[in-house]
Amino acid sequence: MDTVEISRFLTGMTLAVHIIFATIGVGMPLMFAIAEFLGIRKNDLSYIALAKRWSKAYTITVAVGVVTGTIIGLQLSLVWPTFMEMGGHVIALPLFMETFAFFFEAIFLSIYLYTWDRFKGKWTHFIISIPVIIGGSFSAFFITSVNSFMNTPAGFEMEKGKMVNVQPFEAMFNPSFIVRSFHVITTAGMTMAFVLASVAAFKLLRNKVPEDRSYHSKALKMTMIIGFLSTLLSMLAGDLSAKFLHQVQPEKLAAYEWHFDTSSHANLVLFGVLNEKTQEVSGAIEIPGVLSFLADNSFKTTVKGLNEFPKNDLPPMIVHYFFDLMVSMGILCFVISGLYVLTLIFKKLRKYTTHKWMLYGILLTGPASMLAIEFGWFLTEMGRQPWIVRGYMRVAQAATQAGGITLVTILFGILYFILMFTSAYVLIRMFKNKPAHKDINQLITSKGGVK
């Protein structure tokens, strides 16, 4: 592997780890805020206990997210110095604002964690969770802005290989910012809901204590409803993304679907194996006209094919597999959460709400949703190839030529393994042998026996 490939691998590995904690950082504040809201509204301490336990676990993931996020900032300068020389000043504002948003979130998270039962008003503590949600969401907005800029650069002029006459806000709110930010927020909510739902399902499969089962059943109901709604929004975000790509990055959409020849009534290609030399696809499921419909709500829409573009400007064809995997994981979550919601709507189906096979299905949604996030990010980033800034600088031009990058990659790999293992170990130990009913009993005692 040359330095370019090693640099890509190092950055990909870093992003693959960081996206886990970034997703938790966006989705988890909303989850414990909703739990506390329901606890106050229903006067139910089980939901208050949910909020306390979830927010306690969240502090661990925030700490690890800070480490991986800081590493990404360092790697931009160390691994991609030519890019930073050309455009570092353009992305400086959203990078600074992302840091500011994180500190804003961290300050109010600290207040939130240490002020339980400190206020007379029931809603005062809940209100503190709102800035935590805002901080986490805006942190995602600003870092997504940087990534969006690399896909759809705007707000500058090029002179002698340098970006000059920079308009910071135009660069930050570039053409793909809104679509991509909406996609990030909705999928983060979906993923976090299903991760927590899978934990609740696991506990219900193993725990026989009535008080704990009631607690986990409430967690399951809340998270699965949120997961189902978030999945619908994620599907809308995906639809908007397809339409945006059709208009702005048609080569990316064509690569996702192995669509080589420009045509109307273009088929949606699922799975299959591609022979790149002959451009023939075997073993695929083709749905007539659906790609055209996704592109512009009409089966007659003409979709540009890969043959319209120079070969050295095309993304790697492997992106199709990531697209299929992402969609498959999302559909799995949608089907299982949809079935669960049906058991809540129809009384005759209520007995299946916590049925063993339903719980096993829900258990799959956590890993599936997190895999969908990973596949989605690999999809969008590999789909931008060969550009680091689309139309202005290629990845091969931006990568460092310094020696020692292989050793650095190995060391970072060891670091990520330690971080992942340690955070998982701490989270497991944090709640091992600490059943939920004990926390609920403590809350009852602290509130003078009022349940």
Side-chain angles (χ1 to χ4, degrees), residues 1-19 22 68-96 98 142-168 170-172 174-177 180 248-249 251-252 255 309-319 322 377-413 416:
M1 295 175 67
D2 58 20
T3 55
V4 176
E5 293 303 313
I6 296 172
S7 297
R8 288 182 63 193
F9 179 81
L10 173 56
T11 304
M13 179 173 60
T14 302
L15 288 172
V17 173
H18 179 66
I19 194 61
T68 55
T70 302
I71 290 171
I72 290 174
L74 291 172
Q75 286 184 2
L76 280 173
S77 296
L78 296 176
V79 183
W80 308 103
T82 311
F83 160 65
M84 292 300 287
E85 182 182 357
M86 180 187 76
H89 57 296
V90 183
I91 62 173
L93 177 61
L95 285 176
F96 169 78
E98 191 273 337
F142 290 124
I143 202 65
T144 301
S145 172
V146 174
N147 189 271
S148 298
F149 172 81
M150 296 164 77
N151 279 273
T152 54
F156 62 90
E157 296 175 7
M158 287 296 292
E159 287 186 8
K160 298 178 181 179
K162 295 288 182 70
M163 295 178 175
V164 299
N165 298 328
V166 177
Q167 303 295 322
E170 186 179 342
M172 189 162 63
N174 54 79
S176 64
F177 170 75
R180 290 170 62 82
V248 181
Q249 292 179 282
E251 77 283 0
K252 199 172 185 179
F309 307 95
K311 286 188 177 181
N312 62 346
D313 288 346
L314 297 180
M317 294 299 103
I318 194 175
V319 293
F322 287 110
W377 273 101
F378 276 99
L379 172 70
T380 191
E381 294 311 293
M382 293 182 75
R384 189 180 71 234
Q385 300 299 314
W387 305 101
I388 190 167
V389 181
R390 184 174 179 267
Y392 292 94
M393 177 176 282
R394 294 176 182 268
V395 171
Q397 298 172 302
T400 181
Q401 298 300 316
I405 189 70
T406 302
L407 177 60
V408 170
T409 301
I410 293 171
L411 292 175
F412 272 116
Y416 297 146

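FYI, side chains are in, hydrogens and waters are out, and symmetry mates aren't considered; it's all heavy atoms of this structure.
With sequence neighbours left out, the side-chain contact (heavy atoms from CB on, under 4.5 Å) criterion links Ile143 to Leu95, Glu98. With sequence neighbours left out, Ser176 forms a side-chain hydrogen bond (donor to acceptor under 3.5 Å, both in side chains) with Thr152, Asn174. Qualifying side-chain hydrogen bond (donor to acceptor under 3.5 Å, both in side chains) partners for Glu157, counting only residues two or more places apart in sequence or in other chains: Asn165. Not counting sequence neighbours, the partners of Thr380 by the side-chain hydrogen bond (donor to acceptor under 3.5 Å, both in side chains) test are Arg180, Lys252. When the side-chain contact (heavy atoms from CB on, under 4.5 Å) test is applied to Ile72, the partners found at least two apart in sequence or on another chain are Thr14, Leu15, His18.
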Practice task
Apply side chain to side chain contact (heavy atoms under 4.5 Å, CB included) to Phe9 and Ile405, showing your working.
Solution key: CA-CA 11 Å; Phe9 179 81; Ile405 189 70; over 6 Å; no
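Scanning both residues, Met13 and Thr409, for their nearest heavy atoms gives CE-O, 3.6 Å. Across all non-hydrogen atoms, the minimal contact from Ala399 to Pro81 is C-CD, 4.4 Å. Summarising the geometry of Ala171 relative to Phe149, their closest heavy-atom pair is O-CD1, 3.8 Å, with the distance given to 0.1 Å. When all heavy atoms of Met163 and Gly87 are compared, the closest pair comes out as SD-CA, 3.7 Å. Residues Thr11 and Gln75 approach most closely at CA-OE1, 3.9 Å, considering heavy atoms.
Trp80 contributes atom CH2, which lies 9.0 Å from atom CG of Leu10 (distance to the nearest 0.5 angstrom). Interatomic distance, OG of Ser77 versus CE of Met84, reported as 4.0 Å (0.5 Å rounding). Rounding to the nearest 0.5 Å gives a distance of 13.0 Å between CD of Gln397 and CZ of Phe83.
Looking only at side-chain heavy atoms (C-beta outward), Phe142 and Leu93 stay at 4.5 Å or farther from each other.
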Show me the donor-acceptor pairs, under 3.5 Å and distance only, between side chains in residues 385-394 and residues at least two apart or in other chains.
from	atom 1	to	atom 2	distance (Å)
Gln385	NE2	Glu381	O	3.4
Arg390	NE	Glu251	OE2	3.0
Arg390	NH2	Val248	O	3.3
Arg390	NH2	Glu251	OE1	3.2
Arg390	NH2	Glu251	OE2	3.2
Arg394	NH1	Asn312	O	2.9
Arg394	NH2	Asp313	OD1	2.5

